[in-house]
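The basis for the numbers below is simple: all heavy atoms, side chains too, and nothing from hydrogens, waters or symmetry mates. Every chain is numbered from 1, with letters handed out A, B, ... down the list of sequences. Everything numeric in this text was worked out from a predicted model, so none of it was measured.
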There are 2 protein chains.
Amino acid sequence: MNPAAANIEEAILSAILAGRIAPGTRLGEQKLADLFGVSRTRVREAMMRLETRGVVQVSARRGWYVVEPSAEEAREAFQTRRVIETGLLQTVREVPPRVLASLKKHVAMERQVIEAGDVSSRACLLGDFHIHLADALGNRLLTEIIRDLTARTTLISMLYQPTEKAEESSHDHEGIVAAMEAGDLAEAARLMDEHIGKVEAGLDLTARPDPLAGLRELLTPAAFAGNTPSVPHAHSHSHSPSLRKED
Amino acid sequence: MNPAAANIEEAILSAILAGRIAPGTRLGEQKLADLFGVSRTRVREAMMRLETRGVVQVSARRGWYVVEPSAEEAREAFQTRRVIETGLLQTVREVPPRVLASLKKHVAMERQVIEAGDVSSRACLLGDFHIHLADALGNRLLTEIIRDLTARTTLISMLYQPTEKAEESSHDHEGIVAAMEAGDLAEAARLMDEHIGKVEAGLDLTARPDPLAGLRELLTPAAFAGNTPSVPHAHSHSHSPSLRKED
DNA sequence: GCTTGCAAGCTTGTATACAAGTTTGTGGGC
DNA sequence: GCCCACAAACTTGTATACAAGCTTGCAAGC
């Protein structure tokens, strides 16, 4: 594949996985072309590839936008992840020691980063656990699929403001690895199902994704000074179910 | 999405699923452009999308080719299908009657087509069962993934000359649906795993995909007159493991 | 007769120009 | 003061021209 185009694609995807690009972000062709030092042609190529991967969308003659999955699409993404990840664990007969060691190392890294309070790389690592798992137990094809799905769920999480429970997620991961080590893959699958269920349940899928995300930030710049990385206090109006998109 | 480009993409994919396009087929941009009455730009767009879906590949300045999965890639594709399809069956709690009815109808159609000896639509229907299942039990996202995977395995089957056992496959499908009807999803999953295993085992993955496919046909055009749709007799030389790609 | 080098033609790769449509800012009318 | 219409700027959509490279056929040399 084209090195430059592949770079753009990869750069954007990994930025999404790292939570550095929010859903709904506009990705102008010319802007990206300047940024990467290539022509619009290559940018378009990368964007179209990302579109088939379900990561960006084009709005005719308006531009490319990072997808903002609907509640329905969010449910689909989580169901799909549940199906594939539990399926993977249940299909595998035994876990090689090398894989176990590598997974344990990953979980340890998670804990470390969480304790250090590094918010930005935290989300990335938590998602990476699943990609790592697919890579270790499955194959490249499976990994690619999981990676795209993880990008989706990462965007969904950003969109539906989850009650972030990084420690709990990491703890879940630990439990899954423990079950794998014990050779109880069925239990590992059950825990995985539960884990994904928890993440999904932590979202407020009844609330529509607010098109005004970031507005609160603009209105209260002081909050950015040095506050704790806890969940920002949502204002009451953002919970009103009567708010329509046209507002 | 672009209607014309989407059509090209869809046309090629469904042609592959129907077995009407063989692996390794060259897809010239200009040829396709003329065929569909569009410009090369649109064709390229469709091809790049199909490339990210793993259906075609580009060889620099030589052209686009329908993929010819290696033995390794074939194994990956089957593993991935096993993971997802058994995962789907095991994730589902209960099967709605409407779904059961629809699946039964599909299996009945399979039997009918097989008895009628319609070879071309037979392979299509057998693959369609899995797509149909994903659609009925899963969601659009899952269906899309399974569809792409089915396209892959269809190409793999063409490439590695399986011992085609259409009746057996259809019978397997029937068994899976029966287990679903009995409410035993775990058994259904087990049968699905077994079924996919059988299809994979029916292939000769030790034989490299012969780059001379179709050569035998050219040498023996008489065989095309009106022979039975049974498996063509493979010549002994095609089994020689010492044949290298450079031959 | 066989091999090797060259050239012509064909195919994709890439950029660019222009067309078509959307957004936004401005000015006039009410 | 508010609303509406128009125009200018900006963005993507599409085609086309040209560049770069591969394949193949031909001819010359051995």
Side-chain angles (χ1 to χ4, degrees), chain A residues 1-12 21-68 211-215 218 244-247, chain B residues 1-12 21-68 210-215 218 245-247:
Chain A
M1 199 187 301
N2 199 308
N7 279 349
I8 300 174
E9 205 180 334
E10 180 55 30
I12 290 177
I21 298 184
T25 302
R26 181 167 181 279
L27 301 170
E29 290 185 5
Q30 192 59 57
K31 208 167 260 180
L32 289 175
D34 296 343
L35 192 63
F36 285 92
V38 298
S39 78
R40 266 184 59 213
T41 307
R42 315 281 276 277
V43 173
R44 275 182 74 76
E45 187 178 323
M47 295 315 259
M48 285 187 305
R49 290 195 138 104
L50 286 174
E51 191 183 31
T52 73
R53 294 172 76 174
V55 172
V56 305
Q57 258 180 333
V58 65
S59 176
R61 275 171 231 278
R62 279 176 16 91
W64 297 86
Y65 293 85
V66 177
V67 293
E68 297 183 278
L212 305 168
L215 184 58
L218 273 164
R244 294 188 317 277
K245 191 141 197 172
E246 292 74 19
D247 290 348
Chain B
M1 199 187 301
N2 198 310
N7 279 348
I8 299 174
E9 205 180 333
E10 180 55 30
I12 290 177
I21 298 183
T25 302
R26 182 168 180 280
L27 300 170
E29 290 185 5
Q30 192 58 58
K31 209 168 261 180
L32 289 175
D34 295 343
L35 192 64
F36 286 92
V38 299
S39 79
R40 267 183 60 213
T41 308
R42 315 280 276 278
V43 173
R44 275 182 74 76
E45 186 178 324
M47 294 318 255
M48 286 188 304
R49 291 195 139 104
L50 285 175
E51 191 182 31
T52 71
R53 295 172 75 173
V55 172
V56 305
Q57 257 181 331
V58 66
S59 176
R61 277 170 230 276
R62 281 178 13 93
W64 297 86
Y65 294 85
V66 177
V67 293
E68 297 183 279
D210 61 357
L212 306 169
L215 185 58
L218 273 165
K245 193 141 196 173
E246 293 75 19
D247 289 347

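Taking only side-chain nitrogens and oxygens, A:Arg44 never comes nearer than 4.0 Å to OP1 or OP2 of C:dT14. Residue B:Ser39 places at least one side-chain N or O closer than 4.0 Å to OP1 or OP2 of D:dA15.
Side chain of B:Arg26 to backbone of B:Arg62: a donor-acceptor contact under 3.5 angstrom is found. Between the A:Arg44 side chain and the A:Ser39 main chain, no donor and acceptor come within less than 3.5 Å of each other.
Comparing A:Arg62 and B:Ser59 by the nucleotide of DNA chain C that holds the closest heavy atom to each, the one mapping nearer the 5' end is B:Ser59. In terms of position along DNA chain C, the nucleotide closest to B:Glu29 lies nearer the 5' end than the nucleotide closest to the other residue of the pair B:Thr41 and B:Glu29.
Atom CD in B:Gln57 sits roughly 16 Å away from atom C1' in C:dT12 (whole-Å rounding). What separates CG of B:Asp34 from P of C:dC10 is a distance of 14 Å, to the nearest Å. In this structure, CG of A:Leu27 is placed 17 Å from C1' of D:dC10, rounded to the nearest angstrom. At whole-Å resolution of the value, CH2 in B:Trp64 and P in D:dC22 are 16 Å apart. One can place CZ of B:Arg42 at 17 Å from P of C:dA19, the figure rounded to the nearest angstrom. In this structure, the CD atom of A:Glu45 is 12 Å from the C1' atom of C:dT12, given to the nearest Å.
Nearest heavy atom pair, residue B:Gly24 against residue B:Glu68, reads N-CG, 3.4 Å.
If you take CD on B:Gln57 and CG on B:Leu27, they are separated by 12.0 Å, rounding to the nearest 0.5 Å.
Between the side chain of B:Arg61 and the base of C:dT12 there is at least one donor-acceptor pair of N/O atoms closer than 3.5 Å. In the interface, the side chain of A:Arg40 is paired with the base of D:dG13 through a donor and an acceptor atom under 3.5 Å apart.
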